[in-house]
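Worksheet: one structure, shown below.
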Protein chains: 2
Amino acid sequence: MIRLLLAEDQGMVRGALAALLELEDDLEVVAQVARGDEIVDAVLEHRPDVALLDIELPGLDGIAAAAEVRRRAAQTRVLMLTTFGRPGYLRRAMEAGASGFLVKDGPADELAAAIRRVVGGERIVDPALAASALTAGENPLTGRERDVLRAARHGATVTAIANELHLSEGTVRNYLSSSIGKTDAANRIEAARRADDLGWL
Amino acid sequence: MIRLLLAEDQGMVRGALAALLELEDDLEVVAQVARGDEIVDAVLEHRPDVALLDIELPGLDGIAAAAEVRRRAAQTRVLMLTTFGRPGYLRRAMEAGASGFLVKDGPADELAAAIRRVVGGERIVDPALAASALTAGENPLTGRERDVLRAARHGATVTAIANELHLSEGTVRNYLSSSIGKTDAANRIEAARRADDLGWL
DNA sequence: GACCGCCCATGACGAACGTCATGGGCGATC
DNA sequence: GATCGCCCATGACGTTCGTCATGGGCGGTC
């Protein structure tokens, strides 16, 4: 019997996935959590064989939780399950020690199959996603560049960003300019969008 | 036996929801589709009692599909099931003739309960969402204002928008300006974001 | 027929943005 | 100890953005 932990913030999706997995004779959902910061405690308490983690979760993102799980409960394998197949997500998930990376777009029967393969020691990666992760390359943004792009995502002005990050306005413009260059964008918004799509933020 | 059609673009979520619903003795999923433009044909072919529709679907959005279903197969009731509880979505879904509106955030057992109530002739709406739909009011944007905001969402420049919509640049700036005013925003990006959050685009 | 809202356009002006040059401080690398 | 990357800052310059005034065309309403 393969014991599973399920971390997913949308209640209906979480319940539905649990129903789907319980249909399989060899799978058993032993814990469900809705927040990223509840993952580690639940893993330590229930000791699942596989932790199925969404990435975008309240409290703590799934990738950070994955790293923590690997560190504190090495016998639990981590399988990421996400809506967004962003190259940077895949890269970071793998660096965090995940055993696999699935996008929710795929067919439903792929999930149980992937879980069994992960338990068998395999690492699961969507080939197309792996290719785009390789061509996209490393995240070229520096820490501050990520900061200003994150702040600029929803249309904040230079003044607002400067206040938020305690920087001078000129410095903010400089970081925005270099970020725009690195993302091949025409302006801050396109830069933020591209960086986000690549999982760089 | 309540016969269901399921429209949802993410394969794993669709399969999982089907598994969840099949657990109920009185529910039966008779058709599943991944695209909005496949909904009407599938409804006409399978004649479900309830069509469970996601809103953001490829091909045709779920609200437009709902209107079409009401028109061509009036005995099939429509229950919207979406990730985003946007006031404008709710309003438009109801205007399109939907019998209910659920967000995926809710508990999984709410889904089957809502389906049974919809079959019984009730209309299901999240109270909090209904309140925000009422306070948000009608969509104040004109057709062209929506057009330029949609085009501006991802950082397109005035020149790019003007070319895309075959307008002069001054006209585009005017529409952006009025949209910014109506959304209480400081710039085009914030305006686009707010309008999007309210389901106005 | 007057009025109103939406459409489209032009011109002008101040504010914000994106770029470039320049420079100092700091830790890591060689 | 020199080099390099990242951090932060300033000043200057040209471009784009957001606003306002103004006006014509067009369809619907009172």
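A quick note: this is a predicted structure, and the numbers were derived from the prediction, not measured. Just so it is clear: chains get the letters A, B, ... in the order the sequence lines come, proteins before strands, and each one is counted from 1.
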Would you say A/Glu122's side chain and A/Val118's backbone share a donor-acceptor pair under 3.5 angstrom?
no

Give the rounded distance in Å between these two atoms: CZ of B/Arg188 and C1' of C/dA15.
14 Å

Start at the 5' end of DNA chain C and walk down; is the nucleotide closest to B/Asn187 or to B/Glu169 reached first?
B/Glu169

What contact category does B/Gly143 fall into here, base, sugar-phosphate, or nothing, at under 4.0 angstrom with non-hydrogen atoms?
sugar-phosphate

Non-hydrogen atoms of A/Ala192 and A/Leu201 that approach each other most closely
O-CD1, 3.8 Å

Mapping A/Lys182 and A/His166 onto DNA chain D by nearest heavy atom, which one lands closer to the 5' end?
A/Lys182

State whether the side chain of B/Arg193 and the backbone N or O of A/His154 hold a donor-acceptor pair below 3.5 Å, judged by distance alone.
no

CD1 of B/Ile161 to CZ of B/Arg153, rounded to nearest 0.5 Å, is 11.5 Å

Once you round it to whole Å, what is the distance between P of C/dA12 and CG of B/Asn174?
15 Å

Any sub-3.5 Å donor-acceptor pair from A/Thr82's side-chain atoms to A/Asp54's backbone N or O?
no

Between B/Glu190 (CD) and C/dC17 (P), how many Å, whole number?
12 Å

Nucleotides bounding contact with chain A, strand DNA chain D, heavy-atom threshold 4.0 Å
D/dC6 to D/dA12

Give the angle between the helix axes at the two ends of the helix from C/dG1-D/dC30 to C/dC30-D/dG1, taking five base pairs at each end and rounding to 10°.
30°

Does C/dT19 have OP1 or OP2 under 4.0 Å away from a side-chain N or O of A/Ser177?
yes

Tell me yes or no: between the side chains of B/Ser168 and B/Thr171, is some donor less than 3.5 Å from an acceptor?
yes

Nearest-nucleotide wise, let me know which of B/Thr171 and B/Pro140 is further upstream toward the 5' end of DNA chain C.
B/Pro140

Less than 4.0 angstrom between a side-chain N/O of A/Arg173 and OP1 or OP2 of C/dT19, yes or no?
no

Roughly how many Å is it from CG in A/Asp184 to C1' in C/dG18, rounded to a whole number?
15 Å

For residues 98-110 of chain A, please give each side-chain donor-acceptor pair under 3.5 Å, one per line with the distance, not counting sequence neighbours.
{"unit_1": "A/Lys104", "atom_1": "NZ", "unit_2": "A/Glu8", "atom_2": "OE1", "d": "2.8"}

Can you tell me if B/Thr83 and B/Glu56 form a side-chain donor-acceptor pair at under 3.5 Å?
no

Tell me what B/Thr159 touches on the nucleic acid: a base, only sugar-phosphate, or nothing, going by heavy atoms under 4.0 Å.
nothing

Can you identify which nucleotide, out of C/dC17, C/dG18, C/dC6, has its nearest atom closest to the B/Thr142 side chain?
C/dC6

Can you tell me how far CZ of A/Arg92 sits from CD1 of A/Ile63, rounded to the nearest 0.5 angstrom?
4.5 Å

